[in-house]
Amino acid sequence: MMRRPALLPLLAALGGCGGLQTIGGREGRDAAIINDLFSVFCIVTALFFVAVMAFLFAAYWRRKGHRRDNLPDPLEVPTKSGALRVALAVWTGAVVAGLVGLALASYFTDRSLAHPNPGNRPVVSIELIGNQWWWDVRYHFQDPSKNFRTANEIHLPAGSPAMIYLKANDVIHSFWVPNLAGKQDLIPGRVNDIVLVPTKVGHYRGQCAEYCGLQHAHMAFDVFVDTPRDFARWMASQSQPATTPSTPQQIAGYEFFMNRQCSACHAVAGTRAGAGTGPDLTHLMSRKTIAAGTLPNGTGPLHAWIADPQGVKPGTNMPYIGLNADELHNVVAYLETLK
Amino acid sequence: MAGQPKAETKSFVTSGDPRSAEYENNAFHIAQGQKWYGWFNCSGCHFHGGGGMGPPLMDEQWLYGGRMEDIVASILYGRPNGMPDWHNKITEQQAWELAAYVKSLSAQPRQDALSARADEMSNSEPQTLQGRKKVVPENMAPPGSEDR
């Protein structure tokens, strides 16, 4: 009995029930509802499992027939005893009650998931587009001049529902932030949606949950649930155009970026790079990871990624360009100004 | 035609380039080429092969030659009367993949490498159901077509 309290957290850690990305998370309204249902199922099915095992062992220990020497036997149970009939009736009743109870619990959970926050309109509207293998994130506002694009990172204000429209450019992907809610597929040619209601400020991790090709495992994203004030600050900084480069090295990197392959796919708001097929890099350095969670963001990983994207993430659409050392340093110097 | 830049093929893509065989009959490269075709807005001028502001790509006429090397040279270095040069805007590999896709529009590659379905909406038969179109060299193209 002394060991049990120490064992429980260990088991929880083994099951991945803690941290950035966990199916045991309760930081979103939907995740909490789903977890409650999961607990109900666990407890009810565990009770029935114990009961079945009890019956099984009782049947195993039970003596059948008479002793050969006809002496009285305390373990002998008459085949047609009243106690067994009562037990059978109680068991049948318990099974029916249990199944009906679980069905009702499922039904009410489903209904409460289907009616998110009556009277509380979503304040954030995000268009999320799945690509092989990264997430294109577009925030839409009442005032379209404030709209902006980012990639592989979502910020949400705590306590407010966020409407997320899900689309896909190539194959089926699935949007999953287990700490906040269940999964929803992104299907080419149609628009799906999901409402997230984050309740707790924090950093969470999402992951594509539908096998989508070679780098499916490297299709992650970060979710930051901010206080409303932090969210407003982040929003204001994201809708700003990019800063202009100042040092000669940064300017050389800018010139390379604008005149070479980079600008054929990537956009930087406020410059003439406006392509829509690769991730928007306007505020690249504000993001936590690059290449959809493949590498942490920073000077070293940026060099590695730009020098040889196919070595870091084989199959990615980011091509090998073959920059020389100076060009590589210049481009990274420019990218590091995109805060 | 006076004042137009003279078409020239850089020595970099030469006749008999080994990449030609590598890319031409490869289903993956053809599919990648189809993706770049959309990404880099080739359809803005050539549409999905039927041609518009730019010449059609799904017919048998090749104004600047129908070999892989000719198509790659057209993509990377441009041609007079409107075809921009994509050198340093896209990678060479992307140009070769685009060329493989362009050749597939007139069913040139092997049948087992061709796509049975186009990505875009289309009312023409898939290339797998079309016969391979004969390549008409530049000097045999009908009169007038060089102006396109």
Side-chain angles (χ1 to χ4, degrees), chain A residues 129-134 136 167-172 187-190 212-215 252-267 271-280 305-311 314-324 326-328 330-331, chain B residues 10-13 17-19 22-23 26-46 48 54 71-78 82-102 115-123:
Chain A
I129 304 162
N131 293 279
Q132 283 177 321
W133 296 277
W134 62 283
D136 192 358
K167 300 175 180 178
N169 265 344
D170 32 44
V171 298
I172 298 177
I187 299 168
R190 62 170 290 176
C212 59
L214 193 60
Q215 294 294 344
Y254 169 85
E255 290 298 331
F256 186 94
F257 189 98
M258 295 303 152
N259 295 314
R260 295 287 299 272
Q261 285 91 339
C262 316
S263 57
C265 299
H266 292 288
T271 71
R272 62 179 190 270
T277 48
D280 186 294
W305 173 242
I306 296 164
D308 186 16
Q310 298 299 322
T316 175
N317 281 323
M318 170 104 163
Y320 170 79
I321 309 280
L323 297 88
N324 65 36
D326 283 341
E327 290 165 342
L328 181 61
N330 295 345
V331 167
Chain B
K10 303 265 165 66
S11 56
F12 161 104
V13 188
D17 193 308
R19 286 175 289 187
E22 180 191 338
Y23 284 89
N26 185 305
F28 172 73
H29 289 314
I30 293 172
Q32 287 292 98
Q34 176 163 223
K35 180 163 69 187
W36 310 134
Y37 193 90
W39 277 35
F40 302 127
N41 196 28
C42 306
S43 55
C45 296
H46 298 283
H48 288 292
I71 303 169
V72 169
S74 296
I75 294 169
L76 285 181
Y77 303 112
M83 178 72 186
D85 89 78
W86 289 87
H87 182 60
N88 277 344
K89 288 286 181 193
I90 61 174
T91 65
E92 273 177 48
Q93 185 183 25
Q94 287 169 336
W96 281 95
E97 287 174 337
L98 272 167
Y101 172 65
V102 167
S115 169
R117 194 184 64 183
D119 280 355
E120 77 282 354
M121 283 194 286
S122 170
N123 64 355

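In what follows, every chain begins at residue 1, and chains take the letters A, B, ... in the order their sequences are listed.
Although no hydrogens or angles enter the test, the distance criterion places no donor-acceptor pair under 3.5 Å between the side chain of W133(A) and the main chain of G315(A). In terms of modelled atom types and a separation under 3.5 Å, the side chain of Q310(A) and the main chain of T316(A) share a donor-acceptor contact.
Neither the backbone nor the side chain of Q93(B) comes within less than 4.5 Å of any heavy atom of chain A. Both the backbone and the side chain of N317(A) come within less than 4.5 Å of a heavy atom in chain B. In this structure, chain A has a heavy atom under 4.5 Å from the side chain of W36(B), while its backbone stays farther away.
A salt bridge links E92(B) to R19(B): at least one charged side-chain nitrogen sits closer than 4.0 Å to a carboxylate oxygen.
For G322(A) against E327(A), the heavy-atom pair with the smallest separation is O-OE1, 4.5 Å.
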